[in-house]
Amino acid sequence: MNLDRTDAPRVYLETYGCQMNIADSETIRAILRRAGYAWVKRPEDADAILINTCAIREHAEERVLGRLGDLARLKHRRPEIKLGLLGCMAQHNRAALVEQAPYLDLVAGPDSYRRLPELLGRAAFDPAVDVRLDRGETYSGIAPDHSGGVRAYVTVMRGCDKFCAFCVVPYVRGRERSLAPADVIAQVREVAARGAKEVVLLGQTVNAYRVGDAGFAELLRMIARVEGIERIRFTSPHPADMRDEVIDAMASEPKVQPYLHLPVQSGSDRVLSAMDRGYTVGEYLDLVARLRRAIPALALSTDIIVGFHGEDDRDFDATLELMRTVGYDSAFTFKYSLREHTRAFKLGDTVSDDEKARRLAAAIALQERISLERNRAAVGATFAALVEGPARRGEGMLAGKTPQFKTAVFPATSGIGVGDTVMVRVESATAHSLRCSLA
Ligand code: 5AD
Ligand code: SF4
């Protein structure tokens with residue numbers, strides 16, 4: 001179908017949640033573009049409105065339900081608009097959604113996107129629901145519509161086999177499966193050809209990547225050979241899958257950047273065991289020590305859940321202690337949210353919401369202090385910053401990332417543009433960014 005035709009059906013897509021969802025939306029765009037759909041930037045202009053959703057915490061679902069209410073009013077005025085809910089919430093709530101939100105024309109889970117054109121067609125008559133999980137779906141052969149820019153995301157594996165007691169991901173995204181190395185390399189080459197300088201490999205447990213003999217370490221080394229790509233990052237690795245070969249590849253491939261997001265979730269062995277995380281605090285600290293020995297410039301960030309079932313004051317203190325011991329560069333902290341289908345769901349909550357809020361505030365305050373301390377320690381040092389564009393704040397300033405994935409802000413200077421790598425010297429620091437001069 002000719003895309004310039006004015007009668008091409010118009011689609012609007014909104015994305016919630018993690019980088020994986022942002023990457024999935026790029027795949028959805030590619031699938032629908034091939035099927036002859038045109039894209040619009042406002043829901044008012046669309047024939048079909050799709051929202052790609054997140055189910056990781058109740059709060060994420062509430063936001064989507066609120067937004068869905070707004071869009072339903074739009075549909076009330078123009079009933080011919082098709083309204084579709086995609087992604088993890090579609091999978092999580094399934095049939096209940098069609099009952100709760102009868103105005104939905106389409107409900108499609110993360111493994112159903114190839115069938116979207118057909119489902120959208122079918123939705124003309126009845127609500128079309130497709131939430132079959134497909135062990136084999138990797139969207140191989142579909143080159144996502146990358147949004148452009150210096151950084152590109154490439155999904156290398158999907159799903160999760162870990163079944164942490166609190167987490168809904170294995171239920172909504174299904175079993176672990178990896179994209180063949182040749183497919184990954186083809187996508188990386190393509191983003192490089194479009195001008196991306198940095199590639200971020202994505203997967204729910206990205207370092208569990210494996211196809212035949214090729215594990216994650218081999219994949220990193222293959223990608224390092226792609227011309228044009230200057231920096232390689234990946235997220236999120238699972239501590240239990242962080243093998244020595246991966247650490248070696250990080251240490252010896254100069255393109256692989258010295259930054260790792262290594263979710264710990266808790267600093268208490270009792271809680272880690274109840275969460276079924278597959279490591280103890282001691283093992284995690286040993287991993288951090290091995291990583292830092294191999295990659296001295298390494299920056300670390302983490303995810304922490306406060307108020308999991310059974311977490312008492314002593315457990316929480318152990319989490320704060322672990323945060324101090326590791327000295328993370330940054331941390332994402334969450335109040336535990338009970339998720340239906342998970343193993344911990346039937347155990348219920350033992351920590352009140354007020355107490356969760358108190359623990360969350362304490363963890364955030366501690367991390368602010370640690371981040372500031374670590375960034376201040378960088379004052380006077382020089383880093384290679386990959387320029388991403390104008391700084392969000394500060395007239396005449398540019399922003400870029402250091403190898404450690406810290407935001408460096410420095411004066412715009414003629415001859416320096418997006419995609420360039422410049423040497424900068426840190427002049428001052430906040431907990432969230434580095435003020436720099438050109439070195
Ligand atoms: N409640 C709170 N946080 C959660 N996460 C995953 N499931 C839950 C939940 N039920 C957090 C974990 C994970 C991050 C992506 O979201 O910290 O690493
Ligand atoms: Fe969820 Fe655990 Fe899988 Fe991460 S490893 S996606 S926290 S089940």
Side-chain angles (χ1 to χ4, degrees), residues 16-24 53-63 87-89 91-93 110 133 155-178 202-209 216 234-242 260-268 271-279 284 287 300-311 316 319 322-323 326 328 330-353 355-357 359-360 363-364 367:
Y16 292 83
C18 63
Q19 282 156 345
M20 199 79 175
N21 260 13
I22 296 171
D24 278 2
T53 63
C54 170
I56 196 91
R57 284 170 291 274
E58 199 178 346
H59 178 68
E61 292 196 342
E62 282 164 357
R63 268 186 71 205
C88 296
M89 237 178 112
Q91 197 71 39
H92 190 210
N93 301 354
L133 286 176
T155 303
V156 303
M157 60 85 69
R158 304 176 67 85
C160 178
D161 286 355
K162 294 283 189 291
F163 289 91
C164 300
F166 53 81
C167 185
V168 80
V169 165
Y171 304 92
V172 295
R173 284 189 169 270
R175 295 292 62 71
E176 221 172 83
R177 65 218 98 130
S178 300
L202 296 182
Q204 235 74 47
T205 49
V206 70
N207 53 342
Y209 177 92
F216 191 62
F234 54 90
T235 202
S236 287
H238 191 286
D241 289 322
M242 203 65 210
L260 204 59
H261 180 66
L262 198 62
V264 68
Q265 314 298 359
S266 168
S268 152
V271 174
L272 284 176
S273 157
M275 287 176 165
D276 243 331
R277 285 290 291 177
Y279 52 83
Y284 183 91
L287 171 60
L300 282 172
S301 63
T302 199
D303 288 341
I304 283 168
I305 297 176
V306 300
F308 182 67
H309 173 90
E311 184 188 83
F316 177 61
T319 296
L322 176 82
M323 291 169 74
V326 175
Y328 291 105
S330 62
F332 300 88
T333 38
F334 309 104
K335 286 198 273 183
Y336 173 52
S337 167
L338 220 56
R339 302 280 63 206
E340 210 177 333
H341 308 306
T342 62
R343 229 165 17 74
F345 182 69
K346 49 188 176 304
L347 302 176
D349 259 328
T350 55
V351 182
S352 71
D353 195 56
E355 180 56 20
K356 283 181 192 170
R359 290 181 193 176
L360 186 73
I364 291 173
Q367 187 53 47

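What you see is a predicted model; the values in this text were computed from it and never measured. By convention here, the first residue in the shown sequence is residue 1. Start at 1 and go down the list; that is how both ligands and their atoms are numbered.
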Query raised in the report: Which atoms from ligand 2 have a heavy atom of K162 less than 4.0 Å away?
Result: 3 (Fe), 5 (S)

Query raised in the report: Quick check: does any side chain N or O of D276 sit under 3.5 Å from a backbone N or O of A165, one acting as donor and the other as acceptor?
Result: no

Query raised in the report: Which atoms from ligand 1 have a heavy atom of F334 less than 4.0 Å away?
Result: 3 (N), 11 (C), 14 (C), 16 (O), 17 (O)

Query raised in the report: Is NZ or CZ of R57 both nearer than 6.0 Å to the six-membered ring centre of F334 and within 45° of the ring axis?
Result: yes

Query raised in the report: Strictly under 2.8 Å, is any N, O or S atom of C164 next to atom 1 (Fe) of ligand 2?
Result: no

Report summary line: I56 heavy atoms within 4.0 Å reach ligand 1 at atoms 5 (N), 6 (C), 7 (N), 8 (C), 9 (C), 10 (N), 16 (O)

Query raised in the report: Measuring to atom 3 (Fe) of ligand 2, does C160 have an N/O/S atom at a distance below 2.8 Å?
Result: yes

Query raised in the report: Is the shortest N/O to N/O distance between D303 and ligand 1 below 3.5 Å?
Result: yes

Query raised in the report: Would you say ligand 1 has an N or O under 3.5 Å from any N or O of I305?
Result: no

Query - Whether Y284 and Y328 hold their rings parallel, tilted or perpendicular, with breakpoints at 30° and 60° - result: tilted

Query raised in the report: Q204 and H238: side-chain donor and acceptor closer than 3.5 Å?
Result: no

Report task. Run the numbers for me: atoms of ligand 1, each under 4.0 Å from some heavy atom of R339, listed by number. Result -> 10 (N)

Query raised in the report: Under 4.0 Å from any heavy atom of R57, which atoms of ligand 1 are there?
Result: 1 (N), 2 (C), 3 (N), 4 (C), 5 (N), 11 (C), 16 (O)

Requested in this report: Can you sort out which atoms of ligand 2 are near F166, meaning under 4.0 Å from one of its heavy atoms?
Outcome: 7 (S)

Query raised in the report: Is S337 close to ligand 1, meaning an N/O of one under 3.5 Å from an N/O of the other?
Result: yes

Report task. For ligand 2, indicate whether the residue T205 contacts it via side chain, backbone, both or neither (heavy-atom separation under 4.0 Å). Result -> side chain

Report summary line: Ranking Q265, H238, Q204 by closest non-hydrogen atom to atom 12 (C) of ligand 1, top hit is Q265

Query raised in the report: Looking at H238, which atoms of ligand 2 are within less than 4.0 Å of one of its heavy atoms?
Result: 5 (S)

Report task. State whether a side-chain donor-acceptor pair under 3.5 Å links H261 with S301. Result -> yes

Query raised in the report: Relative to the heavy atoms of K335, which atoms of ligand 1 are at a distance of less than 4.0 Å?
Result: 1 (N), 2 (C)

Query raised in the report: Side chain or backbone of P170 under 4.0 Å from ligand 2, or both, or neither, by non-hydrogen atoms?
Result: side chain

Requested in this report: For ligand 1, indicate whether the residue F166 contacts it via side chain, backbone, both or neither (heavy-atom separation under 4.0 Å).
Outcome: both

